[in-house]
Each structure stands twice: as structure tokens, then as C-alpha cells.
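In what follows, a single structure is set out as C-alpha cells and then discussed.
Every chain is numbered from 1, with letters handed out A, B, ... down the list of sequences. Hydrogens, waters and symmetry mates play no part in the numbers below; they use all other heavy atoms, side chains included.
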Protein chains: 2
Amino acid sequence: MLSRKTKYGLKALTFLAKQDKNEPVQISVISQSENISHKFLESILLILRKAGYLGSKKGKGGGYYLMKHPSDIPIAAVYRILEGPIAMMPCVSLNFYEKCDDCPDEKACSVHNLMIQVRDNCLQILENTSLEDLIKS
Amino acid sequence: MLSRKTKYGLKALTFLAKQDKNEPVQISVISQSENISHKFLESILLILRKAGYLGSKKGKGGGYYLMKHPSDIPIAAVYRILEGPIAMMPCVSLNFYEKCDDCPDEKACSVHNLMIQVRDNCLQILENTSLEDLIKS
DNA sequence: TGTTTACTCTACTAAATCTATAGGTTTATT
DNA sequence: AATAAACCTATAGATTTAGTAGAGTAAACA
């Protein structure tokens with residue numbers, strides 16, 4: 001299941017992408033519009049800023065704005081930043097690979113092979129959907 | 001991410017499906033072969049038994065065995081029993097639907113629409129893969 | 001009938017993660 | 001200087017995960 005963190009993050013990005021101008025939007029504007037706890041959203045936006053997807057401006061008239069064009073922000077990237085691996089098991093993750101301690105032979109593991117299929121399908125969607133696609137739907 | 005519970009459950013079912021005869025296999029045989037904590041596996045097998053996928057026999061020569069042919073056990077069903085909803089958000093779940101409290105209009109939610117796509121893709125795989133398919137791979 | 005074997009069931013726990021919240025700090029604007 | 005708004009650290013409560021402990025129950029077998 002998707003965490004609220006990721007869900008809120010995606011909603012906030014969508015909100016920013018929908019703005020007419022790419023000017024700073026205050027956290028409280030986003031949090032009120034999208035029904036997200038102000039403080040929680042704050043921490044999420046901070047993560048996205050550090051990852052390079054958001055820029056920020058302090059002080060009066062400040063807020064957050066997109067650092068990239070929505071078409072250059074694949075959902076997969078946001079997902080990895082906020083949620084972590086897209087794969088269902090570390091042993092099938094491309095970006096967060098880890099060996100299973102209980103599995104002597106990965107290639108012989110039927111669960112492993114199944115989850116590779118699932119991963120590929122999810123990846124295909126999440127890599128090929130951008131923030132721009134999201135606001136169109 | 002897939003919980004160990006589900007992973008272990010699938011591995012145990014796979015182990016049983018691989019047996020030549022469908023005769024009771026002791027928990028300890030499975031737990032040792034698959035490197036799973038005996039007590040933890042015990043609780044997982046119990047769940048699968050109550051769900052009707054496994055039968056059990058007590059006493060000497062006892063153990064667990066499949067109640068259905070592997071081709072009649074879709075992975076999606078096992079997943080739902082052990083892991084819960086396949087959907088990434090309750091608002092896109094077919095079997096465990098729940099409205100989001102933060103979302104006034106589901107149809108207007110871009111995250112919602114994206115996750116429907118993801119769900120459909122995962123479902124397509126998990127519904128159409130049976131335990132029998134798993135042991136072949 | 002008694003013993004062993006193996007599943008059944010309830011309860012508990014340690015650790016991790018999630019979902020925030022609190023409160024002070026820094027920076028920019030007016 | 002006053003105010004606005006992001007920045008940052010710490011913490012806390014709730015939930016979930018991944019088990020563990022131990023007594024109970026049923027079947028087999030001698």
C-alpha cells in the first residue's frame with residue numbers, strides 16, 4: 001500500500017503543476033486545498049526539494065515551486081524518493097537491490113521470478129507516466 | 001513491499017505443490033527446507049488452512065497438504081489472504097474498498113486514476129498466475 | 001491406555017515504520 | 001524592526017511486522 005507520504009507528495013506536486021504560473025506557493029495553501037496536515041506536508045516538500053524536484057523561496061511571498069517541467073518528472077522517480085523501491089522484494093529491485101537471507105538461489109525462487117514480472121509491469125507504468133500526464137487525467 | 005508473511009506463505013505453498021504425492025508434510029520439514037522460522041510459518045499455514053487452501057492432519061505422520069490442485073490456486077487469492085489488498089490505495093481496491101478521507105472527489109484525483117492503472121496491471125498478472133505456473137518457472 | 005507426535009490457539013513482545021506534532025532557527029520582504 | 005514563511009531537529013503515539021512462548025487438542029501407535 002502507498003503511504004500517505006507518497007500520496008500527499010504526489011498530490012502536492014500535482015497541485016503545483018496545475019498552477020498557471022510557476023511561482024512559489026505556500027505550504028499552507030497546498031495543505032488546505034489538498035486536506036493535508038501542514039507540518040507533515042512541510043517535511044514531504046522538504047524531501048522533494050532536496051531531491052531537486054522543488055525549489056523554495058523563504059520569507060514573505062515565499063513557497064515552493066517546481067524545478068522541472070512536469071513532463072520531466074516521471075512518477076517512478078517521485079515514488080522512489082518518497083516510498084522507496086518500486087519492486088515488491090529487495091531481491092528484485094533494480095535501484096535498491098538486496099539479497100534475501102532465506103533464499104539460497106535467487107534464480108530458482110519462484111516468488112522471485114513472479115515478482116520480476118510485477119516489477120516490470122509497474123515500472124512500465126510509473127516510468128512512462130509523468131507529472132504532466134497526471135494532471136491531464 | 002511484500003511482507004515476509006506473504007513471501008513465506010507462497011514459498012510454503014510452492015514447496016507443497018512440488019511434492020510428488022499430496023501427503024501431509026510437517027511444518028518443520030518446510031521451515032527447514034525454506035529457511036523459515038518454525039513458529040512463524042506455523043501461524044501462516046494456519047491462516048491458509050482456514051482460508052481453505054490447505055488441509056492438515058494432526059499427530060504422527062501429520063502435517064499440511066494442498067486442498068486444491070495448484071492450477072486452481074491463483075496467486076492473487078493467496079496475496080489477498082496474507083498481504084491484504086492488491087491495490088496500492090484503499091480507494092482503488094475492488095475487494096477492500098474504502099474512501100479516502102482527504103479526497104473530496106475520487107474521479108478528479110489524479111493519483112487515484114494512476115493507481116487504477118497499476119492495480120489493473122498487477123491484477124492481470126496475479127489473477128492469471130496459479131501456483132502451478134509458479135513451480136514451472 | 002499411555003506416550004509421543006504434531007497441529008491449534010491465545011497471548012505477548014521487540015523492533016521498525018508511519019503519521020504526524022512541537023518548537024525553535026534562518027532567511028527574505030516590507 | 002516586524003512579519004512571513006521555509007528550514008531543521010527532536011520526539012511521540014499508533015500501527016504493523018516478525019516473530020516467541022507455552023499450554024491445549026487430536027491422532028497414531030505400542
Side-chain angles (χ1 to χ4, degrees), chain A residues 1-12 16 23-32 34-51 53-67 79 81-85 88-90 96 98 100-102, chain B residues 1-12 16 23-32 34-67 81-85 88-90 96 98 100-102:
Chain A
M1 295 285 270
L2 204 68
S3 66
R4 278 167 188 269
K5 191 162 96 176
T6 305
K7 182 181 159 195
Y8 291 165
L10 286 171
K11 280 187 151 195
L16 290 174
E23 284 173 0
V25 179
Q26 290 165 41
I27 296 173
S28 47
V29 170
I30 306 175
S31 77
Q32 281 171 37
E34 300 291 330
N35 298 305
I36 305 171
S37 140
H38 180 281
K39 278 297 204 173
F40 193 27
L41 181 58
E42 191 179 292
S43 67
I44 295 166
L45 296 180
L46 207 51
I47 294 169
L48 291 172
R49 201 215 56 177
K50 286 179 179 170
Y53 290 93
L54 293 180
S56 65
K57 200 185 161 194
K58 286 185 178 180
K60 192 169 185 180
Y64 282 96
Y65 51 92
L66 292 177
M67 285 291 278
Y79 190 102
I81 292 164
L82 295 176
E83 190 78 17
M88 300 253 266
M89 300 197 304
F96 300 82
E98 230 174 289
C100 292
D101 46 0
D102 59 306
Chain B
M1 294 283 270
L2 204 69
S3 67
R4 276 165 191 269
K5 191 162 96 176
T6 305
K7 182 181 159 195
Y8 291 165
L10 286 171
K11 281 187 151 193
L16 290 174
E23 284 173 357
V25 178
Q26 290 166 41
I27 296 172
S28 47
V29 171
I30 306 176
S31 77
Q32 281 170 38
E34 300 291 331
N35 298 306
I36 305 171
S37 142
H38 180 280
K39 277 296 202 174
F40 192 27
L41 181 57
E42 195 178 287
S43 66
I44 296 166
L45 296 179
L46 207 51
I47 294 169
L48 291 171
R49 202 216 57 178
K50 286 180 179 170
Y53 290 94
L54 293 180
S56 64
K57 201 183 159 194
K58 287 184 176 180
K60 193 170 186 180
Y64 282 96
Y65 51 92
L66 292 178
M67 287 291 279
I81 292 163
L82 295 176
E83 191 77 17
M88 301 254 265
M89 300 196 304
F96 301 81
E98 229 173 287
C100 293
D101 46 1
D102 58 308

To the nearest Å, how far apart are [X] [atom1] and [N] [atom2]?
{"X": "B:N35", "N": "D:dA18", "atom1": "CG", "atom2": "C1'", "result": "16 Å"}
{"X": "B:R49", "N": "C:dC9", "atom1": "CZ", "atom2": "C1'", "result": "10 Å"}
{"X": "A:K60", "N": "D:dT3", "atom1": "NZ", "atom2": "P", "result": "10 Å"}
{"X": "B:F40", "N": "C:dT13", "atom1": "CZ", "atom2": "P", "result": "18 Å"}
{"X": "B:E83", "N": "D:dT17", "atom1": "CD", "atom2": "P", "result": "7 Å"}
{"X": "B:I27", "N": "C:dT8", "atom1": "CD1", "atom2": "C1'", "result": "9 Å"}
{"X": "A:K58", "N": "C:dT27", "atom1": "NZ", "atom2": "P", "result": "5 Å"}
{"X": "B:E42", "N": "C:dC9", "atom1": "CD", "atom2": "C1'", "result": "9 Å"}

- Task: For A:G63 and for B:K39, find the nucleotide of DNA chain D with the closest heavy atom, then tell me which residue's nucleotide is more 5'.
- Result: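 Its nearest nucleotide lies further toward 5', so the answer is A:G63.
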
- Message: Looking at A:E83 and A:S3, would you say the former's side chain and the latter's main chain have a donor-acceptor pair under 3.5 Å?
- Response: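 Yes, because the side chain of A:E83 sits within donor-acceptor range (under 3.5 Å) of the backbone of A:S3.
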
Would you say [N] has OP1 or OP2 under 4.0 Å from some side-chain N or O of [X]?
{"X": "A:K57", "N": "C:dT29", "answer": "yes"}
{"X": "A:Y8", "N": "C:dT19", "answer": "no"}
{"X": "A:S56", "N": "D:dA5", "answer": "no"}
{"X": "A:S43", "N": "C:dA20", "answer": "no"}
{"X": "A:K50", "N": "D:dC8", "answer": "yes"}

- How long is the gap from CD1 on B:I27 to CD1 on B:I36, to the nearest 0.5 Å?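 Here the rounded value is 11.0 Å.
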
- Message: Please give me the minimum heavy-atom distance between A:M67 and A:L54, naming the atom from each residue.
- Response: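 Here A:M67 and A:L54 meet closest at CG-C, 3.2 Å.
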
- Message: For A:G62 versus A:P24, what's the shortest heavy-atom pair and its separation?
- Response: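 In this case the closest contact between A:G62 and A:P24 is C-CB, 3.7 Å.
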
- Tell me what A:K7 touches on the nucleic acid: a base, only sugar-phosphate, or nothing, going by heavy atoms under 4.0 Å.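 Answer is nothing: A:K7 stays at 4.0 Å or more from every strand.
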
- Task: Scan A:L45 against the nucleic acid and name what it touches under 4.0 Å (heavy atoms): base, sugar-phosphate only, or nothing.
- Result: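 A:L45: no heavy atom of the nucleic acid under 4.0 Å.
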
- Residue met sooner reading DNA chain C from 5', once A:S37 and B:Q26 are mapped to nucleotides: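 Upstream on the strand: B:Q26.
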
- Crowded around A:M1 CE? As in, over 12 foreign heavy atoms under 6.0 Å?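 Result for CE/A:M1: enclosed.
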
